[in-house]
Protein chains: 2
Amino acid sequence: MRFSKIDLFEGISGDDVGKMMCCFGATFRRFKAGATVCDYAGDGDEVGVMMYGRAAMTRTDEDGEIAVLELFDEGDIFGEVLAFANENGDSVRVVAESDCEVMFIKYSQITKRCENACAHHSRLVSNMFGLIAKKTLSLSRRIEILSKKTTREKLLYYFRILAKRYGDEFYLPMSVTRLAEYICADRSAMTRELSSMQADGLIELQKKKVRLIKAV
Amino acid sequence: MRFSKIDLFEGISGDDVGKMMCCFGATFRRFKAGATVCDYAGDGDEVGVMMYGRAAMTRTDEDGEIAVLELFDEGDIFGEVLAFANENGDSVRVVAESDCEVMFIKYSQITKRCENACAHHSRLVSNMFGLIAKKTLSLSRRIEILSKKTTREKLLYYFRILAKRYGDEFYLPMSVTRLAEYICADRSAMTRELSSMQADGLIELQKKKVRLIKAV
DNA sequence: CTCAAAATGTTGCATTTGCAACATATATAT
DNA sequence: ATATATATGTTGCAAATGCAACATTTTGAG
């Protein structure tokens, strides 16, 4: 078992993580690609931690239309309280995108003070806050993007975020189709806008490689 | 001091809250309406708790354009890790909308285990998770709304959320102008759409009173 | 390799929307 | 009460966008 790449356990040695598992009531389960990892129907006191593999949180509405709400990679955490709002009765599920393994921890056990030798419990709580904060940040970042009025402004705002992290030349971290879903724009209209932005000298595009041209 | 209405301290008696204050390094400050409560410039290890009054988180961009990111009422918490993404260098601040009092707690003190008689520490951590979860939920709800393609769909989705909570007849919890900002639509275009929805028999509007007509 | 499925790119057209420029109503301060 | 600022409602018009229909490329499974 490799805990070293899991942010939730950062700062806690593998041995200690192993010892902590029992008082968390942690369980491990493996899933084949395509399998349902969990179904949010109002049950969940559990937090899932992706040990390896990928999964997607999806919402299926009454018309059978499937929307991808979030993607989880190794180390990411998910759970009902962290789930997307599900005000109507649509089915929200986490589905394995590849073979994967998930650790489930009881939510209530994380917050409880631990009677055993869990010296690192507070570190875990702190890490958990950090992960939720990260998630909050990515949600608010998306709101910032969606609040832009035009597709061009949305793309530029998003590209500037990427450029700040990776430099003026970077690779899109997702497919064009997914990008269109992410910024909630029609895929063909977005492609049209990308061409137009290139024509206007704002960006250069080669496949997924983007170069953001600085304004002079 | 009234702690009874503050969700962060739910399940903890006023006396015990008072005792816990010292080990949190809590400080209290009062602000006049219009005063700056805090400025997010990368400092913050602090969480703010609104004891009474209202405040708004705002972003001011390079053109001096002010956008309201979030509103805080009594009991709400805010802090840098909970703040909106601020990728560009815009100034993000919390500004008092009325006279108010804010309690500041060191973030790191909440996660630390407490040596003193803070038997309720874990309850506090649990409450803190709950509050962050609530915030996450409201962010994702807004994303759901913004992801709708047309203004009509955005409004209907939002109205259905309100109808689920308050019944088919309810009052808008904000001004029309603020609603337009919330759903990121032009105010006049939104008003136009509201009229059109009323003409199409989807809703009835009287000032801020909305009645959602069920589809037959 | 071969084939099918998924992703990508392009375009015309109708609809939606932002924007500007108003008129009117309501709230707030003095 | 009066004045001033803010909120609300309306409309024409140009721009942006979703949508559909299609061609082409890339990916992935067998």
Side-chain angles (χ1 to χ4, degrees), chain A residues 32-34 54 56 58 63 65-68 71 95-99 145-158 171-200 202-210, chain B residues 32-34 54 56 58 63 65-68 71 95-99 145-158 171-200 202-210:
Chain A
K32 291 268 174 214
R54 290 181 308 124
T58 62
D63 305 329
E65 200 69 35
I66 296 173
V68 174
L71 295 174
V95 178
E97 292 219 317
S98 71
D99 289 6
I145 293 169
L146 295 181
S147 70
K148 304 296 171 200
K149 284 161 305 249
T150 65
T151 302
R152 175 173 296 208
E153 285 175 298
K154 287 177 189 172
L155 288 169
L156 277 179
Y157 190 87
Y158 180 59
Y171 287 82
L172 289 180
M174 60 182 105
S175 72
V176 174
T177 303
R178 279 260 163 88
L179 176 58
E181 285 169 11
Y182 181 71
I183 70 168
C184 298
D186 179 76
R187 184 192 57 77
S188 66
M190 189 191 79
T191 309
R192 177 204 287 150
E193 191 58 35
L194 281 170
S195 306
S196 156
M197 287 165 72
Q198 192 163 21
D200 291 352
L202 293 170
I203 56 169
E204 279 170 26
L205 260 180
Q206 291 170 40
K207 302 265 174 195
K208 287 183 160 188
K209 187 160 83 177
V210 180
Chain B
K32 291 268 175 216
R54 291 182 308 124
T58 62
D63 306 328
E65 199 70 35
I66 297 174
V68 173
L71 295 174
V95 178
E97 291 220 317
S98 70
D99 289 6
I145 293 169
L146 294 180
S147 70
K148 304 296 171 199
K149 284 162 305 246
T150 64
T151 303
R152 175 173 297 207
E153 285 175 298
K154 287 177 188 171
L155 288 169
L156 277 179
Y157 190 87
Y158 180 57
Y171 287 83
L172 289 180
M174 59 183 106
S175 73
V176 174
T177 303
R178 278 260 164 89
L179 176 59
E181 284 169 12
Y182 181 71
I183 70 168
C184 298
D186 178 77
R187 184 191 58 76
S188 66
M190 190 192 78
T191 309
R192 178 204 288 149
E193 191 57 36
L194 281 170
S195 305
S196 157
M197 286 165 72
Q198 191 163 21
D200 291 350
L202 293 171
I203 56 169
E204 280 171 25
L205 261 180
Q206 291 169 40
K207 302 264 174 194
K208 285 182 161 190
K209 187 161 82 177
V210 180

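Everything quoted here is computed from the prediction, not taken from an experiment. As a basis for the values below, the full set of heavy atoms in this structure was taken, side chains included, without hydrogen atoms, waters or symmetry mates. Below, read A as the first sequence line, B as the second, and so on, with proteins coming before strands; counting in each chain starts at 1.
- In terms of phosphate contacts, Thr177(A) brings a side-chain nitrogen or oxygen within less than 4.0 Å of OP1 or OP2 of dT8(C).
- When each of Glu193(B), Lys148(B), Lys149(B) is checked for a side-chain contact (heavy atoms from CB on, under 4.5 Å) with Lys154(B), only Lys148(B) meets the rule.
- In terms of modelled atom types and a separation under 3.5 Å, the side chain of Asp99(B) and the main chain of Ala33(B) share a donor-acceptor contact.
- Leu146(B) and Ile183(B) get closest at one heavy-atom pair: CD2-O, 3.4 Å.
- The backbone N or O of Arg192(A) sits nowhere less than 3.5 Å from a side-chain atom of Ser196(A) that would complete a donor-acceptor pair.
- When all heavy atoms of Glu97(B) and Ala56(B) are compared, the pair lying nearest together is OE2-CB, 3.6 Å.
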Dump every N/O contact between nucleotides 25-30 of chain C and the protein below 3.5 Å, one line per pair.
{"from": "dT26(C)", "atom 1": "OP1", "to": "Lys207(B)", "atom 2": "NZ", "distance (Å)": "2.9"}

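- To the nearest 0.5 Å, atom CD of residue Glu181(B) and atom OG of residue Ser175(B) are 7.5 Å apart.
- Side-chain contact between Met174(B) and Leu71(B) is absent, with no heavy atoms from C-beta onward closer than 4.5 Å.
- One interatomic measurement links the two molecules: CG of Leu205(B) to C1' of dG9(D), which rounds to 12 Å at whole-angstrom precision.
- Considering all non-hydrogen atoms of both residues, Arg187(B) and Ala180(B) come closest at CA-CB, 3.7 Å.
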For nucleotides 11-13 of chain C, tabulate all protein N/O to nucleotide N/O atom pairs closer than 3.5 Å, reporting atom names and distance.
{"from": "dG12(C)", "atom 1": "O6", "to": "Arg192(A)", "atom 2": "NH2", "distance (Å)": "2.6"}

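- Rounded to whole Å, atom P of dT17(C) lies 6 Å from atom CD of Glu193(B).
- Nucleotide dT6(D) holds its P atom 13 Å from the CD atom of Glu97(B), rounded to whole Å.
- Between Met197(A) atom CE and dT10(C) atom P there is a gap of 15 Å when expressed in whole angstrom units.
- Going from atom CG of Asp186(A) over to atom P of dT10(C) covers 15 Å, rounded to whole Å.
- The two residues Leu179(A) and Tyr158(A) make their nearest non-hydrogen contact at CD1-CE2, 3.6 Å.
- For the contact set between residues 145-156 of chain B and DNA chain D, defined by any heavy atom under 4.0 Å, the members are Lys149(B).
- Spacing between atom CE of Met190(B) and atom P of dT16(C) amounts to 17 Å, rounded to whole angstrom units.
- Spacing between atom CG of Leu172(A) and atom P of dT8(C) amounts to 10 Å, rounded to whole angstrom units.
- Between Gln198(B) and Leu205(B) the shortest heavy-atom distance is NE2-N, 3.0 Å.
- Distance, Lys208(A) NZ to dT25(D) P: 19 Å, rounded to whole Å.
- Between Leu194(B) atom CG and Thr151(B) atom OG1 the span is 9.5 Å, to the nearest 0.5 Å.
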